[in-house]
2 protein chains.
Amino acid sequence: METPKGVAFLLSQLGAFGAQRFAERLRPLEIEPRHVGLLRMISANEGASQQELGERMGVVPSRMVSFVDDLEKRGFVERRRNPKDRRAYALHLTGKGTAMLRQAMLISVEHDEEVCAPLSQDERDVLAQLLSRLSTAHDLIPGVHPGYRHLR
Amino acid sequence: METPKGVAFLLSQLGAFGAQRFAERLRPLEIEPRHVGLLRMISANEGASQQELGERMGVVPSRMVSFVDDLEKRGFVERRRNPKDRRAYALHLTGKGTAMLRQAMLISVEHDEEVCAPLSQDERDVLAQLLSRLSTAHDLIPGVHPGYRHLR
DNA sequence: TATTGTTATACTCTATAACTATA
DNA sequence: TATAGTTATAGAGTATAACAATA
C-alpha cells in the first residue's frame with residue numbers, strides 16, 4: 001500500500017505545517033492565528049455585533065464571548081453598546097488593535113515568503129492562482145478558516 | 001486591512017476544508033483520517049513496535065496506546081509479542097485491517113477527485129508537482145501529517 | 001539502570017443548554 | 001415571545017509523569 005501522493009493530502013499536510021509555523025512566528029507577540037483572523041474580521045466589519053461576526057466565521061455565540069474577551073483584555077478591541085439595540089455590542093478595533101493587526105500582517109507576509117521560498121516567482125504565481133480557483137470553486141470564504149467552523 | 005491572498009493561508013484553508021470533507025466521507029466506515037494514517041503506517045512497516053511507529057509519526061507513547069487500541073478493538077490490527085524482546089509488541093494488520101485500508105484508499109482517491117474537480121488534468125499535474133516540491137523542501141515526511149505531531 | 005508499554009491525572013478546548021437583559 | 005450576550009457544565013482530547021514488566 002503506497003504512500004498517498006494525492007493533492008488533497010499534500011494540501012492538508014502543507015496547510016497544517018504552515019499553520020504551525022505561523023503560530024510559532026506569532027508567539028513573540030503573544031497572539032494566535034485565530035486572533036489575527038478575528039482582528040481582521042472586526043477591522044473589515046467595524047461596528048458589527050459579536051453574533052454577526054460569529055455567523056460569518058462559523059463560530060458559535062458562546063465561543064465568541066471568550067474569543068472577543070481575549071482581545072478586549074489585551075486592549076485590542078472595544079465593545080461599545082449599540083444605542084439602537086442595547087442588547088447588542090458594536091465591536092471596534094482600538095489603536096493598539098490596529099497596530100497589532102498591522103504587525104501580524106507583516107509577519108504573515110514573511111511567513112508566506114518562507115513557505116514559498118522553494119519556488120520561483122513564476123511558480124508562486126501559478127500556485128496562488130490554482131489555489132485561489134480551488135478556494136472559490138469550493139465556496140470557501142476569503143479570509144475565513146474552516147477550522148473556526150463547528151461541523152454539523 | 002485587506003483579505004489575505006497569500007499562498008500559506010490558502011493552503012491552510014483548503015487543507016482544513018479537505019480534511020473535514022475526507023472525515024465526512026470516511027464516517028460511514030466508522031473510521032477517522034488519523035486511523036487511516038496509522039493503518040497505512042503499520043502496513044508499510046509490518047512488525048514495527050508501537051514506539052517505533054510513534055516516533056516516525058510524532059505521536060507520544062501514551063497516545064499511541066489508545067490509538068492502537070482503537071484499531072485493535074475493531075479487529076484491524078494485532079499486537080504480537082516479540083519473542084526477542086518481550087517488552088515490545090510487533091504490530092501487524094489483520095485481513096480485516098488490510099481490507100479496511102484498501103477501502104479507505106479508494107475513498108481517498110474519490111476525495112482527491114472531488115477536491116481537484118475544478119481543475120483540468122494538466123492543472124492538477126502542475127499543482128501536484130508544485131505541492132510535492134514544497135512538501136519535500138520543507139522536510140515533510142511523505143504520508144505523515146503534522147497534525148499528529150505535538151509541538152516543542 | 002534503561003526501555004516498552006500502560007495507567008492516572010490534570011489541563012485545555014469546545015458545544016449545549018440554561019440564564020439575563022433587552023426588544 | 002424572541003434575540004444578544006453570558007455563564008455553567010459536561011465531554012472529548014491530550015500531554016506529563018508515575019508505574020509494571022522486561023531487558
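In what follows, every chain begins at residue 1, and chains take the letters A, B, ... in the order their sequences are listed.
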Among [options], find the nucleotide with the atom closest to the side chain of [X].
X       : options               : result
B:Val65 : C:dT16, D:dA4, C:dG5  : C:dG5
A:Tyr89 : D:dT6, C:dT14, D:dG13 : D:dT6
B:Gln51 : C:dT14, C:dG5, D:dG5  : C:dG5

Side-chain donor/acceptor of [X] to backbone N/O of [Y], under 3.5 Å:
X        : Y        : answer
A:Asn45  : A:Met41  : yes
A:Gln51  : A:Ala88  : no
B:Thr136 : B:Ser132 : yes

TODO: Determine: side-chain N/O of A:Arg86 to OP1/OP2 of C:dT20, distance under 4.0 Å, yes or no.
DONE: no
Between atom [atom1] in [X] and atom [atom2] in [N], what is the gap in whole Å?
X       : N      : atom1 : atom2 : value
B:Phe67 : D:dT14 : CZ    : P     : 9 Å
A:Arg80 : D:dG5  : CZ    : P     : 15 Å
B:Met57 : D:dT14 : CE    : C1'   : 15 Å
A:Asp69 : D:dT7  : CG    : C1'   : 11 Å
A:Arg34 : C:dT12 : CZ    : P     : 13 Å
B:Glu32 : D:dA12 : CD    : P     : 12 Å
B:Asp70 : D:dA12 : CG    : P     : 13 Å
B:Met64 : C:dT7  : CE    : C1'   : 17 Å

Has the side chain of [X] got a donor or acceptor atom sitting under 3.5 Å from an opposite partner on the base of [N]?
X       : N      : answer
A:Ser62 : C:dT16 : yes
A:Arg63 : C:dT14 : no
B:Gln50 : C:dG5  : no
B:Arg87 : C:dT3  : yes

Task: SB check A:Arg124 A:Glu113 (cutoff 4.0 Å) - done: yes
- [ ] Before accepting this row, confirm whether a basic side-chain N of the pair B:Arg21/B:Glu24 lies closer than 4.0 Å to the acidic partner's carboxylate O.
- [x] yes
Task: Residue mapping more 5' on DNA chain C - nearest nucleotide basis, A:Asp85 or A:Ser66 - done: A:Ser66
Open item on the list: If you assign B:Asn82 and A:Arg79 each to the DNA chain D nucleotide with the nearest heavy atom, which residue ends up on the more 5' nucleotide?
Closed with: A:Arg79
